[in-house]
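As the structure lists them, so they are numbered: ligands from 1, and atoms in each ligand from 1.
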Amino acid sequence: MKKAIKAWLELILKRQGLEIVPRGILYDWQSGAQTTPPRYSQSRLPEGAADYLTQDNPKLLDIQERYKSADPDVTVPAVWSDGYVRSDDIAYFRGDNGWVWQVRGRNTNILSYALTTYYLKSIDHLGLFGKLTEDGYFGNFTFDIDNRLISRDLLDSISEILFLDRHLGIAARADLNLLDIGAGYGRLAHRMTTALPNVRNYFCTDAVAASTFVSDYYLRFRGAERAHVIPLDEIDKTLAGQRVDLALNIHSFSECRLEAIAWWAKLLAKHRVKHLMVVPNDVTETPGQLLTNKDENYLPLLERHGYRLLVSEPKYADPVVQAYGIKPHWYHLLELKA
Ligand SMILES: C[S@@+](CC[C@H](N)C(=O)[O-])C[C@H]1O[C@@H](n2cnc3c(N)ncnc32)[C@H](O)[C@@H]1O
């Protein structure tokens with residue numbers, strides 16, 4: 001009888017995507033786990049941040065107005081529609097939200113964070129763990145691992161810099177100019193300009209007003225003088241006469257319409273940006289494809305603008321880490337044909 005009830009229950013639960021497992025095999029962070037994690041950690045905001053980082057800040061309203069007049073090809077949203085950024089996301093922009101998801105889904109538990117930390121330490125040929133730190137400001141989720149604060153912001157940034165150095169030797173290139181398309185709150189701009197003194201200019205741009213607004217605040221807060229936030233309607237003019245060696249698109253094209261990706265590709269080709277790093281949101285291997293969240297392959301579109309795929313590799317070279325490390329995406333590097 002007991003067996004029959006269990007089998008029946010299992011069948012019902014399976015249909016709901018649920019499973020009965022013995023409590024003894026669960027870790028403490030798994031039992032009673034919240035299905036909807038909190039959006040922000042209890043971290044403090046720096047002085048003045050709560051007053052400045054509001055949805056009715058005149059600077060943000062002004063950027064929103066300006067972006068309304070920009071080319072709809074690039075501004076009509078696929079994911080970042082009105083309401084996607086909630087009012088408290090503005091002050092707690094480093095929380096678990098659309099800019100950087102941190103504590104939801106698989107591979108975002110403390111084991112994944114620990115595995116990723118020790119893995120990256122084992123390949124950190126630039127000594128980035130000694131140069132970059134975490135303070136948890138602006139609602140960021142942190143884990144205490146190896147006697148220091150660890151966040152996805154820190155780990156992803158280290159992983160991306162190491163990838164770029166392995167393939168392009170970015171740490172040794174004099175006067176490097178970078179362009180980050182869909183730069184979010186300025187995560188990688190802050191990390192790159194802190195870790196690499198040879199970065200001359202790190203331009204951040206975006207088609208979402210809230211991203212332009214918070215990144216401008218964040219990079220000033222971090223004192224990142226070589227990072228420049230360029231509003232969408234000034235990016236073409238800024239790039240004219242400016243050599244840009246490498247463009248970055250990290251989890252941004254996945255959240256764009258194909259028209260927007262084409263808009264950016266045209267801009268990159270026009271300004272002869274030689275290399276482009278792309279990190280799609282997709283975590284499965286899709287050889288020869290770069291996918292949006294709607295599974296549209298935009299590689300042919302980049303190819304039409306002269307870019308060809310040079311490198312595609314898993315974020316973590318060790319398959320065990322790729323299976324269990326945080327956010328196991330794929331990294332791609334493209335080059336503009338001469
Ligand atoms: C998931 S966040 C990633 C942010 C940042 N690249 C990072 O990795 O920390 C996606 C970013 O894409 C930007 N974005 C959305 N639509 C865009 C568009 N049409 N053109 C450029 N960026 C866009 C968002 O504003 C946001 O900054």
*Asks:* Who's touching ligand 1 if we go heavy atoms under 4.0 Å?
*Replies:* Val74, Trp80, Gly98, Trp99, Val100, Gly182, Ala183, Gly184, Arg187, Asp206, Ala207, Val208, Ser211, Ile250, His251, Ser252, Glu255, Cys256, Ala260, Trp264
*Asks:* Between Phe163 and Tyr331, how do the two ring planes meet: parallel, tilted or perpendicular, split at 30° and 60°?
*Replies:* perpendicular
*Asks:* Ignoring hydrogens and angles, write down the donor-acceptor pairs under 3.5 Å from the side chains of residues 14-25, residues two or more places apart or on other chains.
*Replies:*
none

*Asks:* Looking at side-chain heavy atoms only, is the closest gap between Gln289 and Trp330 below 4.5 Å?
*Replies:* no
*Asks:* Which residue, Thr108, Asn140, Asp96, forms the side-chain hydrogen bond (donor to acceptor under 3.5 Å, both in side chains) with Gln102?
*Replies:* Asn140
*Asks:* Please list all pairs passing the salt bridge (Lys or Arg N to Asp or Glu O under 4.0 Å) test where one or both residues lie in residues 179-190, with sequence neighbours left out.
*Replies:*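 Non-adjacent pairs meeting salt bridge (Lys or Arg N to Asp or Glu O under 4.0 Å): Glu160-Arg187.
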*Asks:* Can you run down the ring-ring contact (aromatic ring centres under 6.0 Å, His included) pairs that involve residues 270-307, sequence neighbours left out, and say none if there aren't any?
*Replies:* Phe253-Tyr298
